[in-house]
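Below: the structure, in structure tokens.
Bear in mind that the values here come from a model prediction, so they are computed numbers and not experimental data.
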Amino acid sequence: MTSTSAPTHALRINPVALSQKVAQQLDRHGNGDAYPVMVVAAEPTWSHDPVLALPDGRQARVVPCASLLAVWEHLVADRGDEVLVLLTDIPETSLGHGVRSRVFRQRVITVEPWDLVVDAFGAQVPDAALESERWAGPALLDAMPPAGWPRLATTVLTREVALRHLAAARLGFDRRGNGPDDLDVTTLLRWSAEPGAVEAFTLLRAEERAGLASWLVERFGGPARALFALVDAGRGNDALPLGLVCEALWSSETPEAVRAQGRVDQYFGGLQDDLAIRGLAQAAAQMVGAMLIDRDKGIRRQGHALLDRAEQLVVQFNAADSVDHSPTLRTGFTRRLTTAAHALAAGASGAGLDVAVNELAQHRLAQVEAERVLRVRMAQRLVRWLGTEVEAPASVADGLRRQIGEWGWVDRALHHVWAGEDAHPELQRAFRTVFERAQQRRRELDRAFANRLAAWAAAGPGNDGDLLTVENLLPRVVEPLIRADRPVLLVVLDGMSAAVAVELAEELSQHWVEYDPLAGAGTGQRRALVAALPTLTAVSRTSLFAGALRSGTQATERQMFAQGRWGPGACVFHKGPSRGGAGEVFAGELAEAMADPGRLVAVVINTVDESLANGREGDEAGWQLSDLGFLRSLLDLARSSGRAVLITSDHGHVLEHGGEHVKTADAASARHRISASPAGPGEVELRGPRVVADGQRIVALWDPSLRYRPSRAGYHGGAALAEVTIPLLAYLVPNVADVPKGWAPVQERPPEWWEAQPPETPADAVSVPPPAPRPRRKVPVVVGDALFDVPQQTPAPTARPAAIDLVAALLATELFQAQHALTPRRVDPGKIEAAVRALVEARGVLSTAVLAQRAGELPARAGGFVTTLQRIFNVDNYPVLSQIDDGRSVRLDIALLRTQFGLPAGAA
């Protein structure tokens, strides 16, 4: 549309829109001069390229003319082959007949925004709601992107679509890879934090700025209202950090908080809208929380900068005492650290400590400060352990069983707590207190174990009972696999302790199923080996590869391993030969050996042992799979070649935790000596056939805080439980069809005190008295045969009467019987009963392999068995039984089971 009347306000037009308008006029009315002079009513400013390329190949030169003299100057000047476009806000009536007679169509060409905007979108008309937004037409024209607005498939351009595109363009969404469909409160707040973004918005024309803000407020409510109140007050850049402050202030009713709220209100320019401020606060907290854990380092850095600014605002508003409960601010995180420190220092486990630690873990900075929170949790676990009764080990076998099943977890927690806290003095003191108490208890257990070890070593081989020793690993565990033609990978993580094994097993459970290779017909449990004495690599690792108590070097190990009864081609790869060249993870010889299913392959990885000598970079406690050399790649190779995997060590270790240097001239290692002088404080004399040393005698340190040689990161060679206990981890791939005879899956259960909090008892559960404790033998004073007895394996705990009632009541319901009858493959009810019983006893969660084993189902059918159980129990698709951890575990929702099957209140 064109008109001879001048617009009320000069229109700002961008190159895309102007090119579109010029081309449109030339197409419709360009029958005369091919390069006319066109006068367009628009704001006489032009900051773009003065030359426009028109669709038909011609060029147009754009010249702003703020005066009549400027118009005349360009009319009379020489022109080339270009269309001349003069932008002016002079009314047509003021130009005079002389000017009009020389220009295109003898008139000023006015721009009707809606004509160009609707055409740019590929529509025909704007809807009434959009057309009523008089500011929107010029704004859409001015903001038109270089490629034009996207073409729509509809004939009507709606208000929602047009203003979403306008907002996206004006807020610079393209710079962050967003589009109009991404417009929400989060992107709006993110925009406010972008450098220069709010300033650019304030440079828009007042009508557009007000109209766009009004539409965004209408679209997104309170948070947008609060945001644009800040923009109007000149403080839009502070929207996110101020929202974090408001989150804390508006959730408190203290007089100090109310006064601080009044000071913040002025920041909003007197908005006086609590709902809007609360909405902004909630959105800001969620958004900054997400930024802090974003994968993009730049976004994380920006999140921390916003937190820093928020803390500055807290000081500015004198509100530090009113925001210390904040779930987002650093002030709130520090206060929760303080509360947890006080609870830990009190030294009593219970609800108060659990609440303090859980609140700390729920803070939005908990993921960012994950290592600090983990250490607090570890200290919490030690406090719980200190609150339990612990008896001394009754024998070497008892000590190893409890080290691998419980005390290794204590050592793991001790390592984390020792790593400490860098910035919070009260937490540092609490950690120190908890560590010293737990370390003292561990020391007493090591003292008792050393006495049992001395008697056991004197008795020598033949008095081991069922105890697995390092020299018996190959004959008892590996040889049966070789006879069954099972390919095996034996990994020796030199120096791996029970604490390291606990962490490694957690990670490996994501891709492998752990088995007990000596379970027989019993329940699977994680095993431990007793190291040779002294607990040194030269003795214990050589004994492992030789299958007999020996001392030697790597050459001795290779020779004895190759000459043993482990099949043709059995080979061991040490550090040097196992490493590959440039671009290779490991040597080609190792890869070739792994590819031959008839060869037993052993690989030694020295990462843990070397860290004891040289320390580790950083202050991280614990071990992950990625820390252990090429173990991950080696396991992947074992998986592809179908090998069973045995991961063990030659000895454990104790760590340097502020220990004492005991000076002696006869130290044979950091933890044992060889002179004839008697054992002193912290030492134990070990003699007999189990001791591989001159005269079959050494004096070893049992106290983990003592050492004979200069300080290192850790030590071995002594008689502490952590040194003598060798973990054994045995793995098969999931759903393996042919499980080796005597192998049973291990259901790893952390000690009860390790759990975050005890499970809640259902309100309708029957109170069942705990079973009477099994009497323990007192530790004998006189050395005798009883010292060498190995405690009989504790039978699998039978289901408590309440659990039996629950399962019996379930199987008797008509609904269960009907569901069971509908299954395509009728499963033996006995297997279902055993599976449910096992899940109830395990508090609702079991690994899929263990569940199948407990139910008597073949491992290869474990997945189908669980699917059948789901068809029976998940009535109307309610998830009574679900698979978690990518199908590696099964969860039974006992409460939902009760509801779905109408179980009586007395069943528990």
Point to revise | Any donor-acceptor N or O pair under 3.5 Å, side chains Glu683, His672 | key: no
Practice item. Run the numbers on Glu406 and Arg401 for salt bridge (charged side-chain N to carboxylate O under 4.0 Å, His left out), then give the verdict. Key: CA-CA 8 Å; Glu406 178 175 8; Arg401 178 179 59 82; over 6 Å; no
Practice item. Return yes if some donor-acceptor pair links the side-chain N/O of Gln747 with the main-chain N/O of Ser847 below 3.5 Å, else return no. Key: yes
Study note, to complete from the structure: When rounded to the nearest 0.5 Å, the distance separating CG of Leu628 from OG1 of Thr607 is 6.0 Å
Check your understanding: Taking the inter-plane angle between the rings of Phe435 and Trp418 on a 0 to 90° scale, is it parallel (under 30°), tilted (30 to 60°) or perpendicular (over 60°)?
Key -> tilted
Point to revise | CZ/Arg639: more than 12 non-hydrogen atoms of other groups inside 6.0 Å | key: yes
**Study point:** salt bridge (charged side-chain N to carboxylate O under 4.0 Å, His left out) assessment of Glu514 paired with Arg527
**Key:** CA-CA 11 Å; Glu514 183 180 358; Arg527 300 278 171 169; over 6 Å; no
Review point. Within the distance-only criterion (no hydrogens, no angle test), does the side chain of Thr542 pair as donor or acceptor with the backbone N or O of Ser551 below 3.5 angstrom?
Key: no
**Study point:** Considering all heavy atoms, the nearest Arg697-Val691 contact
**Key:** N-CG1, 3.8 Å
Practice item. Quick one: pull up CD1 in Ile605 and CZ in Phe573 and give me the separation to the nearest 0.5 Å. Key: 12.5 Å
**Study point:** Donor on one side chain, acceptor on other, Gln440 and Glu444, under 3.5 Å
**Key:** yes
Review point. Do Pro727 and Thr648 come within less than 4.5 Å of each other through their side chains, counting heavy atoms only?
Key: no
**Study point:** Closest heavy-atom pair and its distance - Ser543, Leu549
**Key:** OG-CA, 3.4 Å
Exercise for review: Examine Arg441 relative to Trp385 and say whether NZ or CZ is less than 6.0 Å from the centre of the six-membered ring and inside a 45° cone about the ring axis.
Suggested key: yes
Check your understanding: Does Arg452 reach the main-chain N or O of Ser395 with its side chain, forming a donor-acceptor pair under 3.5 Å?
Key -> no
Review point. CD/Gln403 to CG/Leu445 distance, rounded to the nearest 0.5 angstrom?
Key: 9.0 Å
Review point. Would a distance-only check, ignoring hydrogens and angles, find a side-chain to backbone donor-acceptor pair under 3.5 Å from Glu656 to Gly659?
Key: yes
Revision key, fill the gap. Tightest non-hydrogen contact, residues Arg526 and Leu728, listed as CG-O, 3.9 Å
Review point. Do the side chains of Phe449 and Val724 get nearer than 4.5 Å, heavy atoms only?
Key: yes
Exercise for review: Answer with yes or no whether the side chains of Tyr715 and Arg707 bring together a donor and an acceptor at under 3.5 Å.
Suggested key: yes
Exercise for review: Please round to the nearest 0.5 Å and tell me the distance separating atom CG of Leu529 and atom OG1 of Thr725.
Suggested key: 10.0 Å
Check your understanding: Hey, are Arg483 and Glu479 close enough for a salt bridge, meaning a charged N less than 4.0 Å from a carboxylate O?
Key -> yes
Check your understanding: Side chains of Leu490 and Leu544: does their closest heavy-atom pair fall under 4.5 Å?
Key -> yes
Exercise for review: Look only at the side chain of Asp446 and the backbone of Leu721, and say whether a donor-acceptor pair between them is shorter than 3.5 Å.
Suggested key: yes
Practice item. May I ask you to say whether Arg749 pairs ionically with Glu841, meaning some side-chain N is under 4.0 Å from a carboxylate O? Key: no
Point to revise | Any side-chain donor near an acceptor of the partner, Thr469 and Asn472, under 3.5 Å | key: yes
Review point. Side chains of Val684 and Val699: does their closest heavy-atom pair fall under 4.5 Å?
Key: no
Study note, to complete from the structure: Sequence neighbours excluded, the answer for side chain to side chain donor-acceptor pair (under 3.5 Å) partners of Gln696 is none
Check your understanding: Strictly by modelled atom types, are Tyr515 and Gln853 linked by a side-chain donor-acceptor pair under 3.5 Å?
Key -> no
Point to revise | Side-chain touch His416/Leu374, heavy atoms, less than 4.5 angstrom | key: yes
**Study point:** Donor-acceptor under 3.5 Å (Asp627 side chain, Gln624 main chain)
**Key:** yes
Point to revise | Test salt bridge (charged side-chain N to carboxylate O under 4.0 Å, His left out) applied to Glu507 - qualifying residues, sequence neighbours left out | key: Arg632
Practice item. Run the numbers on Leu400 and Asp398 for side-chain contact (heavy atoms from CB on, under 4.5 Å), then give the verdict. Key: CA-CA 6 Å; Leu400 262 65; Asp398 186 39; over 6 Å; no
Check your understanding: Are the side chain of Ser649 and the backbone of Gly652 linked by a donor-acceptor contact shorter than 3.5 Å?
Key -> no
**Study point:** Between Ser497 and Asp411: side-chain donor-acceptor atoms closer than 3.5 Å
**Key:** no
Practice item. Step by step, work out the side-chain contact (heavy atoms from CB on, under 4.5 Å) result for Trp566 and Val572. Key: CA-CA 11 Å; Trp566 324 127; Val572 56; over 6 Å; no
Practice item. From the options Leu635, Leu508, Leu634, Val488, select the one residue that forms a side chain to side chain contact (heavy atoms under 4.5 Å, CB included) with Val645. Key: Leu635
**Study point:** Flag for Arg673-Ser675: side-chain donor and acceptor within less than 3.5 Å
**Key:** yes
Practice item. Check Leu706 against Pro681 and note the closest heavy-atom contact, atom names and distance. Key: CD1-O, 3.8 Å
Check your understanding: Would Arg447 and Asp703 pass as an ion pair if we require N to O under 4.0 Å?
Key -> no
Point to revise | Euclidean distance, Trp753 CH2 relative to Leu382 CG, rounded to 0.5 Å | key: 6.5 Å
Review point. With side chains defined as the heavy atoms from C-beta onward, is the minimum distance between His657 and Ser705 less than 4.5 Å?
Key: no
Practice item. Before giving the answer on side-chain contact (heavy atoms from CB on, under 4.5 Å), spell out for Leu600 and Val478 the whole-Å C-alpha distance, their side-chain angles and the decisive distance to 0.1 Å. Key: CA-CA 9 Å; Leu600 171 61; Val478 176; 3.7 Å; yes
Revision key, fill the gap. Heavy-atom nearest pair, Leu729 first then Ala501, reads CD1-O, 4.1 Å
Check your understanding: Under a 4.5 Å cut-off applied to non-hydrogen side-chain atoms, are Val502 and Trp623 in contact?
Key -> no
Check your understanding: Does Leu468 reach the side chain of Leu518, with side-chain heavy atoms less than 4.5 Å apart?
Key -> yes
Point to revise | Closest non-hydrogen atom pair, Val417 against Ala379 | key: CG2-N, 3.5 Å
Check your understanding: Is there a donor-acceptor pair closer than 3.5 Å between any side-chain N or O of Ser611 and the backbone N or O of Val608?
Key -> yes
Practice item. Kindly confirm or rule out a cation-pi arrangement of Arg381 over Trp409, judged by NZ or CZ under 6.0 Å from the six-membered ring centre and within 45° of its axis? Key: no
Exercise for review: Under the salt bridge (charged side-chain N to carboxylate O under 4.0 Å, His left out) rule, what do Arg402 and Glu391 come out as? Steps first, then yes or no, please.
Suggested key: CA-CA 10 Å; Arg402 295 163 74 185; Glu391 294 190 21; over 6 Å; no
Review point. Counting distance only, does the side-chain N/O of Thr535 pair as donor-acceptor with the main-chain N or O of Gly717 below 3.5 Å?
Key: yes
Practice item. Could you tell me whether a side-chain N or O of Glu723 sits under 3.5 Å from a main-chain N or O of Ala720, the two making a donor and an acceptor? Key: yes
Exercise for review: With rounding to the nearest 0.5 Å, note down the distance linking CG in Leu473 to CD1 in Ile726.
Suggested key: 8.5 Å
Practice item. Assign the ring pair His651 / His716 to parallel, tilted or perpendicular, where the plane angle (0 to 90°) is split at 30° and 60°. Key: parallel
